[in-house]
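Just below is one structure, and these are the notes that go with it.
Just so it is clear, the values below take in all heavy atoms, side chains as well, and ignore hydrogens, waters and symmetry mates.
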Amino acid sequence: MRRAGLAFAPDRSSPAPGIPLPLAPPPASGAAGAELRDFQAARFGHPEDGAVLVSACVATPIPGWVEDMRPPITARAHAFTAKLAERATDAPVALRGRGSDDELEDVVAVAGDGASLGTARTWVGFEHDGDTARVLTCGATCTRAGHGAPSASLACEPLVRSARLV
């Protein structure tokens, strides 16, 4: 069985691969058997004010699925993705919908003027291996490194836009 995870499908507008960045991953979760998967962090551009791509999934065993589970699992994906963005920005952040059908969300500082610090995207998926089922909560973020100023466009945003859960 192939393990599920995030795949980035670069297109013509995607940047060259970033420089790996030694960030510590956030904790997977308190759930029994939760496993962090595919954590990656990379810098694009100048070290002081460049963009940082951070992505990962958490696979958690579940006994089965009912649709009533979707709201708390989706909320967990958003919280986990915000933690990914916090690794790059070094500040508490939240995800804010853009008010359209766009799958992307803005990363905004919890304290501040609400300006976008970058882009995020979340996924919820499933993986089955024989009798074992797992729910995957995944996220990818592209944010300004450290406390850099907001930017209209960040180099790694096309990677977040093109990422897929496979």
Side-chain angles (χ1 to χ4, degrees), residues 1-11 14 21 23-42 51-144 150 154 156-166:
M1 185 217 47
R2 184 185 185 289
R3 292 176 10 154
L6 290 180
F8 293 93
D11 58 23
S14 295
L21 190 61
L23 291 179
S29 84
E35 173 188 347
L36 183 68
R37 298 239 186 111
D38 303 326
F39 177 78
Q40 59 182 314
V52 175
L53 174 73
V54 183
S55 64
C57 291
V58 173
T60 308
I62 57 170
W65 179 261
V66 293
E67 197 56 31
D68 290 347
M69 294 169 69
R70 187 169 300 280
I73 298 294
T74 300
R76 184 171 74 179
H78 278 85
F80 178 69
T81 303
K83 289 293 182 194
L84 292 173
E86 286 176 359
R87 296 297 189 211
T89 62
D90 198 28
V93 300
L95 305 185
R96 181 179 64 204
R98 291 185 170 175
S100 68
D101 292 334
D102 196 346
E103 295 177 330
L104 300 178
E105 297 181 81
D106 287 317
V107 175
V108 296
V110 172
D113 62 5
S116 178
L117 302 175
T119 300
R121 190 166 169 203
T122 62
W123 294 263
V124 173
F126 302 93
E127 173 181 271
H128 300 278
D129 181 14
D131 293 336
T132 304
R134 292 176 193 84
V135 63
L136 283 96
T137 51
C138 304
T141 68
C142 174
T143 59
R144 176 75 53 209
L154 296 171
C156 52
E157 186 172 309
L159 291 172
V160 173
R161 186 177 294 281
S162 70
R164 300 286 178 256
L165 181 60
V166 294

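- Within the model, atoms CG of D38 and SG of C138 stand 8.0 Å from one another, a figure rounded to the nearest 0.5 Å.
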Let me see the working for R70 and W65 under side chain to side chain contact (heavy atoms under 4.5 Å, CB included), right down to the final yes or no. CA-CA 9 Å; R70 187 169 300 280; W65 179 261; 3.9 Å; yes

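- The main-chain N or O of V93 is found under 3.5 Å from a side-chain atom of E86 such that the two form a donor-acceptor pair.
- For the residue pair F126 and L136, the shortest heavy atom distance occurs at C-CD1, 3.8 Å.
- With respect to T122, the side chain to side chain contact (heavy atoms under 4.5 Å, CB included) criterion is satisfied by exactly one of L95, L104, T74: L95.
- For the pair R87 (side chain) and P25 (backbone), a donor-acceptor distance under 3.5 Å is present.
- For L53 against L159, the heavy-atom pair with the smallest separation is CD2-CD1, 4.0 Å.
- Side-chain contact between E127 and D129 is absent, with no heavy-atom pair separated by less than 4.5 Å.
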Pair E35, V58 - check side chain to side chain contact (heavy atoms under 4.5 Å, CB included), show working. CA-CA 5 Å; E35 173 188 347; V58 173; over 6 Å; no

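- R121 contributes a side-chain N or O that, together with a main-chain N or O of R161, makes up a donor-acceptor pair within less than 3.5 Å.
- Taking 4.5 Å as the limit, every side-chain heavy atom of V107 sits out of range of all side-chain heavy atoms of T119.
- Within the model, atoms CG of D106 and CZ of R96 stand 5.0 Å from one another, a figure rounded to the nearest 0.5 Å.
- Counting all heavy atoms, side chain and backbone alike, T60 lies closest to A34 at OG1-CB, 3.8 Å.
- Taking both residues in full, the closest heavy atoms of V110 and A94 are given as CG2-N, 4.1 Å, listed atom of the first, atom of the second, then distance.
- With contacts defined as side-chain heavy-atom distances shorter than 4.5 Å, the pair E105/V160 does not qualify.
- Nearest heavy atoms, P26 versus F80: CG-CE1, 3.7 Å.
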Between R37 and R134, is the side chain to side chain contact (heavy atoms under 4.5 Å, CB included) condition met? List the steps. CA-CA 12 Å; R37 298 239 186 111; R134 292 176 193 84; 3.8 Å; yes

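- With V54 as reference, T141 is the one residue of T143, T81, T141 to meet the side chain to side chain contact (heavy atoms under 4.5 Å, CB included) rule.
- Pairing each heavy atom of G118 with each of L154, the nearest pair is CA-CD1, 3.8 Å.
- A donor-acceptor contact closer than 3.5 angstrom is absent between the side chains of S116 and R144.
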